[in-house]
Amino acid sequence: MCPHLRQHETGRNDADEPDHQAPRLAPEQDSGHHNENDRQRQRRLARQRKVAPDATHQQERRPDREAVAFLLADLRQQASGTAQKRHTIPFDGLRPCAIRAPHGHLRLPLTHHATRISAFMSSPVVTRFAPSPTGFLHIGGARTALFNWAYAKHTGGKMLLRIEDTDRERSTDAAVTAILDGLRWLGLNWDGEAVSQFARAGRHRDVAQELIKRGKAYFCYCTPEELEAMRAKAEAEKRQIRYDGTWRDRDPATAPAGVNPVIRFRAPQEGETVINDHAQGRVVIPNKDLDDLIILRSDGNPTYNLSVVVDDHDMGVTHIIRGVDHLTNAARQTQIYLAMGWDVPSMTHVPLIHGPDGAKLSKRHGALGVEAYREMGYLPAALRNYLARLGWSHGDDEIFSTGQLVEWFELDGIGKSASRFDFAKLENLNGHYIRHTPDAELLAHWLAVLPYIEGGSDRLSQIDEQMKGKLLKALPGLKERAKTLKELNASAAYLFAQRPLPLDEKARQILADGGTQALAGVLPVLKAATNWSAHDLEAAVKVHAEAAGLKLGKLAQPLRAALTGTSTSPGIFDVLEVLGREESLARIADQASA
RNA sequence: GCGCCCUUCGUCUAUCGGUUAGGACGGCAGCCUUUCACGUUGCAAAGACGGGUUCGACUCCCGUAGGGCGCGCCA
């Protein structure tokens, strides 16, 4: 092995090789992996097992020589100028965008031996997040975006954003806005402008025509009614529900008049389609189970599977990371790539997130837009951390920064089984993040979320610079006790309360059980304090407690009731200090004389 | 129905053919303590089932059961 190549290879991430099927050297022989630690070694071995069960087989089928020929053809195609062509795409709601087409990068076929030619494969990773704007950004989509983002960052590549809005009936601008907002809130920035898939319909139509020219697609004149009948019949006969191929080989000259045809992909009927998936391993789908899907509707608009392939190709996407619900689509899309002679991107289908009951996420559970999580008072960093641990792991690491996530995020850390959404764990994590966020930063998060939570606007209007100072001062005590920003906000109520304070049930009880008298006892002590600081007040009150033969709790609880109107709060001496001498004494006096 | 996939404590997961199967959340009990928290100590808690392969299986293979996803002129 040439030292130059080895150096190149060890310096990069295995997972971004398109050639994830290539056989690897046995560990003992693999001098390129000298310096790895145990963990890296384990992972590498796992990876080998996962995606290369019969790599030898593959290699036989496509020797290196063929791969090189492929590569050269690619190079020629680039040189011929096609790579320089640019499409400008206008879009309502999003800004225009230029996409390099069709080969912005250079990739190799999936099945050759990578180690020999890896010098050619320095193409950067390009991932994409491709939501359809038919609703908000739900939690599963958010995680998909997170994974795409993390992987792009990890590899120094790019994450593109494409809005899959070819369904004109269901796509809405409001949804586009919600999705972009959600991504921004989560801190998942994308590279370049968001691309409208619908705006590229012309290009998709061209490819459909090209497919016809290549004999890989055909016109189908079946009406929706006929298809419905076909489906009903198949169901009645307990056969598989698929298109029966009526027009696959029929002469278009025999087409009925007045029917706008659709274009169907001429899918291979024999053999099997293989998806080499980084999470799922090698998935084999029998071609007989994949029918001739419609790629262009009778109204001339493209359908999803065509658009995705064309866009991913044109946008230079090297790595597709999406939910497993797209696995069968991956097979169909693979067939389209192959029919066009395009390289199939690396694919990773991540397991789904279920509700706490194991069933599909419902609105009750977690199928909420990410904005709902903002409203519930979760910190973006906490949500990122939580989401990262759903379906992905890095050993036993539970709490890690986004920077660490980026550093650690490898595709082979992704699992295969579905996970359940667990609010309790999210809460716990969120509490951790709240406690560990510096006060000033936390205050900014708090203020920023106020417009989104109940009663938050009123409170916001009461916050001036002076109040901000108080909040900041109270924050160390408050944040220790809050799991969400909402709780944090609620626990700060005593700072905003006007005298006379409303008392809750427990507070009333405390005062009734001798609290009033206790207050009358400490009041003079506090009044006499020369320095209104938590430290000095605590000392003074302790002296008083000892003198009076009282446990500190017997004084602290009544003080808490009087000062906050509740039975729980931060340390009572901190409360006294933050509230200030005048307000504190007044509140205590209110209750002591009552 | 057909195809594909999954199955380790209640939940998220580690394990990668040899471990007393580890961690985290949640639960329970103790400690700390001015309340509530935080923190801390400890406890309970798992390889779906049945066959194989192997000296040895949670790990590999087959089957069963359960679950998920897909099967649109939706994405």
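By convention in this document, chain letters (A, B, ...) are assigned in the order of the sequence lines, proteins followed by strands, and residues within each chain are numbered from 1. Just so it is clear, the values below take in all heavy atoms, side chains as well, and ignore hydrogens, waters and symmetry mates.
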Rounding to an integer number of angstrom, what distance separates B/G42 and B/U34 when you compare their C1' atoms? 27 Å

Partner of A/Asp291 by salt bridge (charged side-chain N to carboxylate O under 4.0 Å, His left out), out of A/Arg231, A/Arg332, A/Arg266: A/Arg332

Pairing donors with acceptors under 3.5 angstrom, does anything connect the side chains of A/Asp325 and A/His349? no

I need the single residue from A/Arg248, A/Arg264, A/Gln269 that forms a side chain to side chain donor-acceptor pair (under 3.5 Å) with A/Asp292. Which is it? A/Arg248

The side chain of A/Arg420 lies closest to which of these nucleotides: B/U11, B/C2, B/U34? B/U11

Phosphate contact (B/G70 OP1 or OP2) by A/Asn329 side-chain N/O below 4.0 Å: no

Look at the side chain of A/Asp397 against the base of B/A24 and say whether a donor-acceptor pair falls under 3.5 Å; ignore hydrogens and angles. no

Integer-rounded Å distance: B/A14 P and A/Asp412 CG: 11 Å

When only distance counts, do a donor and an acceptor, one from the side chain of A/Arg481 and one from the base of B/C36, lie under 3.5 Å apart? yes

Which of parallel (below 30°), tilted (30 to 60°) and perpendicular (above 60°) describes A/Phe421 and A/Phe423? perpendicular

How many whole angstroms separate atom NZ of A/Lys554 from atom P of B/U33? 18 Å

A/Thr303 side chain, from C-beta outward: closest of B/C36, B/C73, B/C25: B/C73

Hey, does the side chain of A/Ser393 reach the backbone of A/Gly395 with a donor-acceptor pair shorter than 3.5 angstrom? no

Over all strands shown, is A/Ser567 touching base, sugar-phosphate only, or nothing at heavy-atom distances under 4.0 angstrom? base

Give me the distance, rounded to whole Å, that separates B/A46 from B/U8 when you measure between the P atoms they each carry. 13 Å

Starting at atom CD1 of A/Ile414, determine the distance to atom C1' of B/C12, rounded to an integer number of angstrom. 16 Å

Are any of A/Ser307's side-chain N or O atoms less than 4.0 Å away from OP1 or OP2 of B/A75? no

Just call it for A/Tyr386: base, sugar-phosphate, or nothing, with non-hydrogen atoms closer than 4.0 Å on any strand. nothing

Of B/G68, B/G10, B/C73, the nucleotide closest to the side chain of A/Asp422 is B/G10

Indicate, with a heavy-atom threshold strictly under 4.0 Å, whether A/Val324 touches base, sugar-phosphate, or nothing. sugar-phosphate

Under 4.0 angstrom between A/Arg242 side-chain N/O and B/G3 OP1 or OP2: no

Answer yes or no: does a side-chain N or O of A/Arg231 lie under 4.0 Å from OP1 or OP2 of B/C73? yes

In whole angstrom, give me the gap between the P atoms of B/C32 and B/U41. 15 Å

Could you state the NZ-P distance from A/Lys416 to B/G68, rounded to the nearest angstrom? 19 Å

Base, sugar-phosphate alone, or nothing: which one does A/His326 contact when heavy atoms must sit under 4.0 Å apart? base

Once you apply a heavy-atom cut-off of 4.0 Å, does A/Gly571 come out as touching a base, just sugar-phosphate, or nothing? base

With a 4.0 Å limit, can you tell me whether A/Ser393 has a side-chain N or O closer than that to the phosphate oxygens OP1/OP2 of B/A14? yes

Counting side-chain heavy atoms from C-beta on, which of B/G22, B/U35, B/C4 comes nearest to A/Asp396? B/G22

Side-chain contact check for A/Ser298: nearest option of B/C25, B/C73, B/U35 is B/C73

Just say parallel, tilted or perpendicular for the rings of A/Trp408 and A/Phe400, cut-offs at 30° and 60°. perpendicular

Heavy atoms only, 4.0 Å cut-off, all strands: where does A/Pro570 land among base, sugar-phosphate and nothing? base

